[in-house]
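See structure below.
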Amino acid sequence: MSAKRTSGAFMTSTMKKVFAFLSVTFLAVVNLGCSTRGIEPNPETVTSAKPQESIFTVIETEDLAYPTLAASIRLPFRVRPNNTVVLAAKHAYLTTQRHLHVIDVSIPQRPVYLTSLAFPDDIGKALVSGHHIVVATRKKLHLVDVGQPSHPVLESTQHLPEQHAIKDIDVRDTHLYVLGANDALYIFSIVFGQARLVKAVELEKRWWLLHPKATPSEVEQILLSTWDPIPSGIMEPLLSQRGFLALISSKQEKVRASSDFLIIESLKDPMSDLLIGDAARLMDHPATIRRGGENPIISTAFGPYNLRRESIEHLSATEEKPLTRRKPTIAYAVGRHGKMQQIAQAPASETIDVDNRRLMGPVTDFQISEDLLYVVNAKGFFSIIRLTKIENSRKGERSKFLSATPLQASRPVSIAVGDYYACVLAAPE
């Protein structure tokens, strides 16, 4: 009986402790709700912090060869692989599992966490359309008015017809393109804070990529080729400079495009990280000149890019050996009462072996701006590559790997690019 009483007392004590812990955790979550938050004028320095669940990092890129980690914000919100960060004017908008966060990055060295907006369901990708942020869940499209970034307002919510699941979204100006799990593309017009369905397109069985035409509601399906390694369908979108929609391909590849380049995630080629496509009318080609400028020679390129090999060759050729992974000079966390508090940073750094063949890990996200390709890798690296157009490659120029910058120990999931800085959303290791 004594043993039973002791066991019962122990269980009672344990349950009280568990209840107390859950109560504290619940109150902490309530305090991190959707109210407006800002950094206190003299933020309290926190000497220790619980493990964080997401990291937002700002990287200055004015010097493309030597990007600088400007600052980071650590957030106690879980980040998932389908969460994203986007830039609009001087603000970054990032999604975590159930929150849209707003961060002022007008001074990249001192990003200011403004506020967050909570959603009842898990959210994923976010995109900018005017003064709205489009936020996707598994079955819903939310339009958030960010005309006043510190006070985001959920303006409307939309389903796909028959509430089909959503696979991916992209935005071009005021048109929203939604890839449904039922192999259909839905085109919406965003007017007065509402997403109005304009057209539904049934996708062919052999579709691969999607190309917007001059009329926003018209989209061409680029079909897979059973024999041509450079499908002819990619030529016209590249020559017209209207590019491709950044919607996941039918082969489940991430797709990014500029007016001149097509970049696709390489999933099946073990020697390639990315596939890069380009096309050009060669007006200075001898055959074109012989024709008097009519019917110019058209050249198309589409092939693998081995980021791992290029990065190792670049790092081995620089003087930054050994490479070190340092913590940014500034970091913040959400502290008491939902206020941002500065975290004391340890001065320690980690030495990185640049000869390690698995140095960077697989590509997790990439963006292209004009001829600059920005890439983040699973082991916490940020890289910049300058791509060369076909017409310039004939002059002896070639694509150049410019820099590989180690971030904090983390797994980046999304990257957004501004004029002189980039923002990365990552999950800690």
Side-chain angles (χ1 to χ4, degrees), residues 52-57 75-88 92-103 116-129 132-144 152 154 157-160 163-171 176-183 185-186 188 195 209-210 244-257 263-267 274 361-367 374-380 382 407 410-417 422-429:
Q52 305 299 315
E53 293 185 299
S54 57
I55 302 173
F56 170 79
T57 301
L75 304 173
F77 297 91
R78 178 176 299 175
V79 65
R80 303 184 306 159
N82 65 337
N83 289 134
T84 59
V85 55
V86 292
L87 288 169
Y93 299 88
L94 53 138
T95 60
T96 53
Q97 186 170 8
R98 290 197 174 185
H99 288 80
L100 172 69
H101 307 277
V102 186
I103 299 178
S116 65
L117 182 66
F119 291 82
D121 303 314
D122 290 355
I123 62 175
K125 194 173 185 178
L127 293 170
V128 180
S129 176
H132 287 90
I133 301 295
V134 182
V135 179
T137 71
R138 183 175 174 271
K139 286 196 172 184
K140 297 177 184 177
L141 298 164
H142 299 289
L143 263 66
V144 180
L154 178 59
T157 298
Q158 177 76 36
H159 292 87
L160 292 184
Q163 297 196 19
H164 287 297
I166 297 169
K167 289 182 68 175
D168 202 2
I169 63 172
D170 193 20
V171 166
L176 171 64
Y177 302 85
V178 184
L179 184 61
N182 59 325
D183 290 327
L185 177 71
Y186 299 91
F188 293 84
L209 303 171
L210 299 170
F244 303 82
L245 292 176
L247 293 170
I248 192 169
S249 76
S250 62
K251 297 193 292 183
Q252 307 306 304
E253 306 149 317
K254 285 185 179 181
V255 176
R256 305 286 185 263
I263 316 292
I264 300 180
E265 180 181 23
S266 179
L267 296 177
L274 299 168
V363 170
T364 53
D365 196 20
F366 52 99
Q367 299 291 344
Y374 302 81
V375 184
V376 284
N377 292 75
K379 293 190 177 181
F382 167 80
L407 307 176
S410 61
R411 182 182 178 88
V413 298
S414 179
I415 181 176
V417 178
C423 297
V424 175
L425 176 64
E429 281 191 339

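Given the structure is predicted, the values throughout are model-derived calculations rather than measurements. Nothing fancy with the numbering, it's 1 onward along the sequence. These values consider heavy atoms only, across backbone and side chains, with no hydrogens, waters or symmetry-generated copies.
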For this session: Taking all heavy atoms of Cys423 and all of Leu87, pick out the closest pair and write down the distance.
Result: SG-CD2, 3.8 Å

Problem set entry | Verdict with reasoning, Leu117 to Val135, per side chain to side chain contact (heavy atoms under 4.5 Å, CB included) | CA-CA 11 Å; Leu117 182 66; Val135 179; over 6 Å; no

Seminar exercise, completed: Closest non-hydrogen contact found for Val413 with Asp365 is O-CB, 3.8 Å

Exercise. Does a side chain donor of either Thr95 or Asn83 reach within less than 3.5 Å of an acceptor in the other side chain?
Worked result: yes

Exercise. Which heavy atom of Asp168 sits nearest a heavy atom of Ala246, and at what distance?
Worked result: OD2-O, 3.7 Å

For this session: May I ask you to decide if Ile123's main-chain N or O and Arg80's side chain share a donor-acceptor pair within less than 3.5 Å?
Result: yes

Problem set entry | Where Ser54 and Pro428 come nearest, the two heavy atoms and their spacing | N-CD, 3.8 Å

Problem set entry | Separation of Leu100 CG from Leu94 CG (nearest 0.5 Å) | 7.5 Å

Exercise. What's the shortest heavy-atom distance between Ile169 and Ala136, and which atoms?
Worked result: CD1-CB, 3.9 Å

Exercise. Are Val128 and Ile133 close enough, and set up right, to give a side chain to side chain contact (heavy atoms under 4.5 Å, CB included), and what steps lead you there?
Worked result: CA-CA 5 Å; Val128 180; Ile133 301 295; 3.6 Å; yes

For this session: With the side chain counted from C-beta on, respond yes when Phe188 and Leu141 share a heavy-atom pair under 4.5 Å apart, and no when they do not.
Result: yes

For this session: Would you confirm whether Lys254, through its side chain, and Ile263, through its main-chain N or O, come within 3.5 Å as a donor-acceptor pair?
Result: no

Problem set entry | Thr364 side, atom OG1; Ile415 side, atom CD1 - distance, nearest 0.5 Å | 8.5 Å

Exercise. Is there a side-chain contact between Gln158 and Lys140, using heavy atoms and a 4.5 Å cut-off?
Worked result: no

For this session: To the nearest 0.5 Å, tell me how far Gln163 CD sits from Asn182 CG.
Result: 12.5 Å

Seminar exercise, completed: Sequence neighbours excluded, the answer for salt bridge (charged side-chain N to carboxylate O under 4.0 Å, His left out) partners of Arg138 is none

For this session: Take the angle between the ring planes of His101 and His99 and call it parallel below 30°, perpendicular above 60°, tilted in between.
Result: parallel

Seminar exercise, completed: Output for pair (Ser116 OG, Leu75 CG), nearest 0.5 Å, gives 9.0 Å

Problem set entry | Residues Arg98, Asp121; criterion salt bridge (Lys or Arg N to Asp or Glu O under 4.0 Å); working and verdict | CA-CA 6 Å; Arg98 290 197 174 185; Asp121 303 314; 5.3 Å; no

Exercise. Is there a side chain to side chain contact (heavy atoms under 4.5 Å, CB included) between Tyr93 and Val144 once you walk through the steps?
Worked result: CA-CA 11 Å; Tyr93 299 88; Val144 180; over 6 Å; no

For this session: Report yes if the side chains of Ile103 and Val85 come closer than 4.5 Å at any heavy-atom pair, otherwise no.
Result: no

Seminar exercise, completed: In terms of heavy-atom contacts, Lys139 and Ile166 come closest through C-CD1, 3.9 Å

Problem set entry | Any side-chain heavy-atom pair of His164 and Tyr186 under 4.5 Å | yes

For this session: Begin from the C-alpha positions of Asp122 and Gln97 and carry the test side chain to side chain contact (heavy atoms under 4.5 Å, CB included) through to its verdict.
Result: CA-CA 5 Å; Asp122 290 355; Gln97 186 170 8; 3.5 Å; yes

Problem set entry | Donor-acceptor contact present, side-chain Asp170 to main-chain Tyr177, <3.5 Å | no

Exercise. Quick one: CG on Asn82 to NZ on Lys167, what's the gap to the nearest 0.5 Å?
Worked result: 14.0 Å

Exercise. How many angstroms lie between CG in Leu407 and CD1 in Ile55, if you round to the nearest 0.5 Å?
Worked result: 9.5 Å

For this session: Step by step, work out the side-chain hydrogen bond (donor to acceptor under 3.5 Å, both in side chains) result for His142 and Thr137.
Result: CA-CA 8 Å; His142 299 289; Thr137 71; 4.7 Å; no

Exercise. Counting distance only, does the side-chain N/O of Thr84 pair as donor-acceptor with the main-chain N or O of Ala126 below 3.5 Å?
Worked result: yes

